[in-house]
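Since the structure comes first, as structure tokens, the remarks are kept for the end.
Source: prediction; values computed, not measured. Computed over heavy atoms, backbone and side chain alike; hydrogens, waters and symmetry mates excluded. In each ligand, atom 1 is the first atom listed, and ligand 1 is the first ligand listed.
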Amino acid sequence: MQLTPQLLPDLVQVIADAIENNAEEVTALDQAIGDGDHVFNLQRGIQALKAQSAELSQMDWVAAWQKVGMTLMTTIGGASGSLYGTLFMAMSKAAHERPLTLSSFAEVYGQGVEAVKQRGKADVGEKTMLDVLVPVADSLWQSSAEAVELPVALSKLTDVAVAGMESTRDMVATKGRASFLEERSRGHIDAGAKTAQLMICAIVALLVERLTAPT
Ligand code: ADP
Ligand code: MG
């Protein structure tokens, strides 16, 4: 199987399902230390991507990620809209038109996460989606450097994403709405970290299934 944008319709679908199946839990998290709209915001973006799925699947990565980024930027709203928009637009800039490999994806995704850090003026340890996105980038770099097989490299990301999400529970938020609560933000998982973990785990599960399916 080649990693081309033909995967995008199925990827968008598994992401939509992951968010839908966990909507109540995530909304409760966001109500505890945010304003409760995070799932709704993401679902607006996902719906817009679903409507573009067929078109996206015919593009190359440079064009597809640019379109995904623009769409998310203009539909999600909230802090997460500009951050996810930035992620994919930066990935488009770093991408090549050919199918992805582990090392090219590690590079492209790493550039995307760097752009998110800059856009949000944030880094690991501030109780945001970056506590999931950054360790995932680090794990991809490491697997790429060690020339690990792609399905193995992907499978590692599940534990990394869950650990990153869990790590936000004991943090005090210093970025985003939750930062207004200061010490009272401690003890709750960040909603944006939770949805980042859910989306990454859904992507990994689909790709591993496809990569290891008997042909
Ligand atoms: P808003 O906070 O504007 O209502 P959302 O509810 O859609 O937007 O998204 C909130 C999530 O965005 C937070 O849970 C957090 O993970 C993430 N976030 C907020 N600010 C930042 C930032 N500066 N950098 C990275 N992520 C952030
Ligand atoms: Mg919100």
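Within 6.0 Å of NZ in K175 there are more than 12 heavy atoms belonging to other residues, nucleotides or ligands. In this structure, E24 places its CD atom where only 12 or fewer heavy-atom neighbours from other residues, nucleotides or ligands lie under 6.0 Å away. Other residues, nucleotides and ligands place no more than 12 heavy atoms under 6.0 Å from the CD atom of E149.
Of the listed options I76, D190, T128, T195, D190 places a heavy atom closest to atom 13 (C) of ligand 1. Considering only non-hydrogen atoms, atom 7 (O) of ligand 1 lies nearest to S80 out of S80, G77, G78.
Contact of the I200 side chain with the L133 side chain is registered, since non-hydrogen atoms from C-beta on lie closer than 4.5 Å. In this structure the side chain of F40 never reaches within 4.5 angstrom of the side chain of T27, judged on heavy atoms.
For ligand 1 and G192, the ligand atoms under 4.0 Å from any heavy atom of the residue are 14 (O), 16 (O). Short contacts between ligand 1 and N41, defined as distances under 4.0 Å to a heavy atom of the residue, involve ligand atoms 5 (P), 6 (O), 7 (O). Shown in contact with D37 at under 4.0 Å from a heavy atom are these atoms of ligand 1, numbered in order with element: 4 (O), 6 (O). Using a 4.0 Å cut-off to heavy atoms of A122, the atoms of ligand 1 that qualify are 24 (N). Every atom of ligand 1 is numbered from 1 in the order shown, and the set under 4.0 Å from a heavy atom of G176 is 19 (C), 20 (N). Listed by number with element, the atoms of ligand 1 under 4.0 Å from a non-hydrogen atom of L83 are 18 (N), 21 (C), 22 (C), 24 (N), 25 (C), 26 (N), 27 (C). If you number the atoms of ligand 1 from 1 as listed, the ones under 4.0 Å from a heavy atom of G120 come out as 22 (C), 23 (N), 24 (N).
For H188 against A32, the heavy-atom pair with the smallest separation is ND1-CB, 3.5 Å. Residues A48 and T75 approach most closely at CB-CG2, 3.8 Å, considering heavy atoms.
Nearest protein heavy-atom neighbour of atom 8 (O) of ligand 1: A79 N, 3.1 Å. In terms of protein heavy atoms, atom 17 (C) of ligand 1 is closest to M129 CE, 3.9 Å. The protein non-hydrogen atom at the shortest distance from atom 9 (O) of ligand 1 is H38 ND1, 3.2 Å.
If you look at D35 next to ligand 1, the close heavy atoms, those under 4.0 Å, all belong to the side chain. The part of R177 lying near ligand 1 is the side chain, judged by heavy-atom distances below 4.0 Å.
The Mg ion (ligand 2) sits nearest to atom OD1 when only the N, O or S atoms of D35 are considered. Checked against the Mg ion (ligand 2), the N, O or S atom of D37 at the shortest distance is OD1.
For the side chain to side chain donor-acceptor pair (under 3.5 Å) test with E114, the passing option among Q118, K117, Q111 is K117; the others fail. Applying side chain to side chain contact (heavy atoms under 4.5 Å, CB included) to S167 and the options M165, M171, R169 leaves one that passes, M171.
Between the side chain of S92 and the main chain of V62, a donor-acceptor pair closer than 3.5 Å is present.
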